[in-house]
Amino acid sequence: MKRYSVRTGRRTEFVPVTDLVQAAVRELGLREGVLTVFVPHTTAGITINENADPDVVRDVITALDRLVPWDGDWAHGEGNAAAHVKASLMGSSVRVPVEEGRLRLGTWQGVFLCEFDGPRTRELWVTAG
Ligand code: ZN
C-alpha cells in the first residue's frame, strides 16, 4: 500500500488527485488490474467526476451544500455534522482499472479528494486490488 498526504486549503474543496494516483500505479508496479483509492477520514471523501470544466466540481459542491446545509438541526455536538453526511454521500473509496501501467479513466474523468471540514492534512491510501 502507498500512503500520501494531501493538504487542503478550505472548508469545502475538491482536490484533484489523479496525478498522485497515477504515481501510485508506478510505485506499486501495477501493469494490469484495478486500484483502490481509500480516504481514512469521516469528514472527507473521494469521488470521480469531470476534470475538464471546473464548473462541474463547483456545481457538485453547490448541490451538496443545498442538500446538506452546514447550519442544519444537527445532533452531533462537534458542529461538523454536515461534513460527516457529505463524506458518506461521496464515499470513502473508489476503484479504477489499470491497463498497461496507466489509470484507465474516461476521457473527462478525474479523481478528487473531497474535503468537507478543512483546511486539514488528509491521507490517501492506494492499494492494488
Ligand atoms: Zn464530527
Side-chain angles (χ1 to χ4, degrees):
M1 181 165 84
K2 294 289 172 186
R3 301 176 185 219
Y4 304 91
S5 290
V6 178
R7 182 73 199 161
T8 64
R10 290 194 294 279
R11 182 160 82 182
T12 304
E13 179 181 18
F14 281 22
V15 181
V17 293
T18 307
D19 291 348
L20 200 59
V21 178
Q22 179 59 57
V25 174
R26 279 192 298 273
E27 290 172 27
L28 289 164
L30 184 63
R31 297 293 305 162
E32 303 280 334
V34 66
L35 206 68
T36 299
V37 188
F38 180 79
V39 173
H41 302 289
T42 62
T43 56
I46 189 147
T47 195
I48 294 174
N49 213 308
E50 175 163 337
N51 67 354
D53 178 2
D55 280 346
V56 172
V57 157
R58 193 180 150 180
D59 287 344
V60 171
I61 289 172
T62 298
L64 288 170
D65 283 340
R66 284 181 190 156
L67 198 61
V68 190
W70 189 264
D71 295 316
D73 182 20
W74 307 113
H76 180 51
E78 200 188 6
N80 62 353
H84 289 287
V85 173
K86 290 173 182 175
S88 275
L89 288 173
M90 291 295 96
S92 299
S93 66
V94 294
R95 304 186 82 209
V96 186
V98 173
E99 185 181 58
E100 296 177 355
R102 301 279 308 164
L103 289 177
R104 212 70 184 96
L105 287 162
T107 305
W108 307 109
Q109 286 182 317
V111 185
F112 296 90
L113 184 146
C114 311
E115 175 62 82
F116 296 118
D117 194 18
R120 298 185 190 214
T121 300
R122 298 300 196 172
E123 281 196 54
L124 202 66
W125 298 352
V126 184
T127 54

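From a predicted model like this one, the values you see are computed outputs, not experimental measurements. Just so you know, ligand 1 is whichever comes first in the structure, and atom 1 is the first atom listed for that ligand. The figures here come from the full heavy-atom set of this structure, side chains too, leaving out hydrogens, waters and symmetry mates.
If you look at the Zn ion (ligand 1), the protein N, O or S atoms less than 2.8 Å from it are H76 NE2, E78 OE1, N80 OD1, H84 NE2.
Taking a 6.0 Å sphere around CZ of R58, one finds it holds 12 or fewer heavy atoms contributed by other residues, nucleotides or ligands.
When all heavy atoms of V25 and G101 are compared, the closest pair comes out as CG1-O, 3.4 Å.
Under the 3.5 Å distance criterion, with hydrogens and angles disregarded, no donor-acceptor pair is assigned to the side chains of T43 and R11.
Note on ring orientation: taking the six-membered ring where Trp is involved, the planes of F38 and W125 are tilted (angle from 30° to 60°).
F112 contributes atom CZ, which lies 9.5 Å from atom CD1 of I61 (distance to the nearest 0.5 angstrom).
Taking the ring-ring contact (aromatic ring centres under 6.0 Å, His included) definition, one finds that H84 meets it with H76, sequence neighbours left out.
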